[in-house]
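Keep in mind the model is a prediction, meaning the values are calculated, not measured.
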Amino acid sequence: MTSNGATTTSRTDRLLNASALLERLNEPQTAAALHLLLDKAELLAFSVSAVDSLLQRGETIADNVAASVHELRAALPEDSGYLTTQLIRLSRTLPQLTDTVEQLAALTSQPAFQRLLTTLTKPEVLAALERLLAHSELLSFLVSALDHLLARGDELTENIRSSIEEMRTVMVAQSVTPAQLIDAMVTFLPYFPRLVAVAPNFIEVIERIEPFIASEEFDALLDSGVFDPETVRLVGEAGDAFVASRKELRQSPKAVGVFGLLKALRDPDVQRAAALIVEFGRRFGRSLK
């Protein structure tokens with residue numbers, strides 16, 4: 001009973017599957033697909049044969065590929081790793097390079113760019129650009145100074161106005177005419193380029209001495225007698241005497257011994273200098289206590 005029932009079920013399933021298959025075969029799209037396959041039967045057979053041949057020769061093809069790779073590596077130069085790295089970097093930057101090239105192409109195609117290129121090829125323009133590049137540091141300083149000047153425009157305008165008022169007052173007090181002032185300015189103009197040329201060095205010197213000027217030591221120096229008019233005059237006289245003596249000894253060198261020194265002490269001028277040295281030693285020694 002059981003086996004007969006199972007057999008009957010199996011036959012029924014086969015009949016149902018055959019019926020479903022027949023129904024699918026009778027569908028228009030299925031029939032069209034089958035006709036297409038039959039039309040390409042020769043191509044399908046060739047493709048299957050080629051794949052089968054490829055699979056059968058798989059090991060041989062793999063060996064040939066490995067041998068070709070080995071020969072390629074042997075043929076490459078020693079720095080091929082570096083070249084490979086550069087090629088990889090180039091491939092990564094290729095999109096940006098392409099965009100840059102497209103932008104350059106669009107730029108160079110403009111008439112304004114062509115006119116600019118024509119102007120730049122003139123010898124006088126190239127010479128002017130060379131002169132500008134030779135003075136690039138000075139130009140940079142002038143641009144920076146101009147920017148600083150514009151930033152402080154209001155303050156400088158007020159200072160200029162005040163200076164003009166003070167100048168006018170001085171001119172009236174000293175009876176200076178505008179013609180005399182113009183003559184003074186004309187006399188100063190030839191020195192202006194030299195002043196501009198040394199301005200960067202002058203600013204550097206100011207930056208270096210600025211900490212010293214702001215220190216307590218500089219205040220103490222100002223309060224001392226170093227800048228006293230009498231001190232400055234004395235130092236100037238000593239400097240003049242030293243330079244004159246140096247020149248005379250160069251022209252006629254001579255040696256002075258102990259007896260020559262004693263003889264020189266009879267000279268009134270030498271006696272005054274010796275008295276000054278002795279008095280200076282006494283006072284300076286007293287200040288060291």
Sorted by chain and residue number, the side chain to side chain contact (heavy atoms under 4.5 Å, CB included) partners of Ser215 (sequence neighbours excluded) come out as Phe212, Glu217, Phe218

Using the salt bridge (charged side-chain N to carboxylate O under 4.0 Å, His left out) rule, collect all pairs that involve residues 263-276, keeping only residues at least two apart or in two chains. Asp269-Arg272

May I have all residue pairs that pass side chain to side chain donor-acceptor pair (under 3.5 Å) and include part of residues 273-282, sequence neighbours excluded? Glu279-Arg282, Glu279-Arg283

Output all residues satisfying salt bridge (charged side-chain N to carboxylate O under 4.0 Å, His left out) with Glu230, sequence neighbours left out; order by chain, then residue number. Arg233

Restricting to side chain to side chain donor-acceptor pair (under 3.5 Å), what partner residues turn up for Asp240, sequence neighbours left out? none

Taking only residues two or more places apart in sequence, or in another chain, which ones meet Ile277 in a side chain to side chain contact (heavy atoms under 4.5 Å, CB included)? none

When rounded to the nearest 0.5 angstrom, what is the spacing between CG in Leu107 and CG in Leu116? 9.0 Å

Among residues at least two apart in sequence or on other chains, which ones pass side chain to side chain donor-acceptor pair (under 3.5 Å) with Gln96? none

Report the residues that fulfil ring pair (Phe, Tyr, Trp, His ring centres under 6.0 Å) with Phe280, sequence neighbours left out, ordered by chain and then residue number. Phe284

Please tabulate, one pair per line, all N/O donor-acceptor pairs under 3.5 Å involving side-chain atoms of residues 121-129, not counting sequence neighbours.
| residue | atom | partner | partner atom | Å |
| --- | --- | --- | --- | --- |
| Thr121 | OG1 | Leu117 | O | 3.4 |
| Thr121 | OG1 | Thr118 | O | 2.6 |

Go through the structure and list residues passing salt bridge (charged side-chain N to carboxylate O under 4.0 Å, His left out) with Glu102, not counting sequence neighbours. none

Got a donor-acceptor contact below 3.5 angstrom from the Gln114 side chain to the Ser109 backbone? no

Tell me every residue that passes side chain to side chain donor-acceptor pair (under 3.5 Å) with Glu130, counting only those two or more places apart in sequence or in another chain. none

Apply side chain to side chain donor-acceptor pair (under 3.5 Å) to Arg208 and list each qualifying residue two or more places apart in sequence or on a separate chain. Glu204

From Glu248 atom CD to Lys254 atom NZ, the distance as rounded to the nearest 0.5 Å: 5.5 Å

Any donor and acceptor pair, going by atom type alone, linking the side chain of Ser252 with main-chain N or O of Leu249 inside 3.5 Å? no

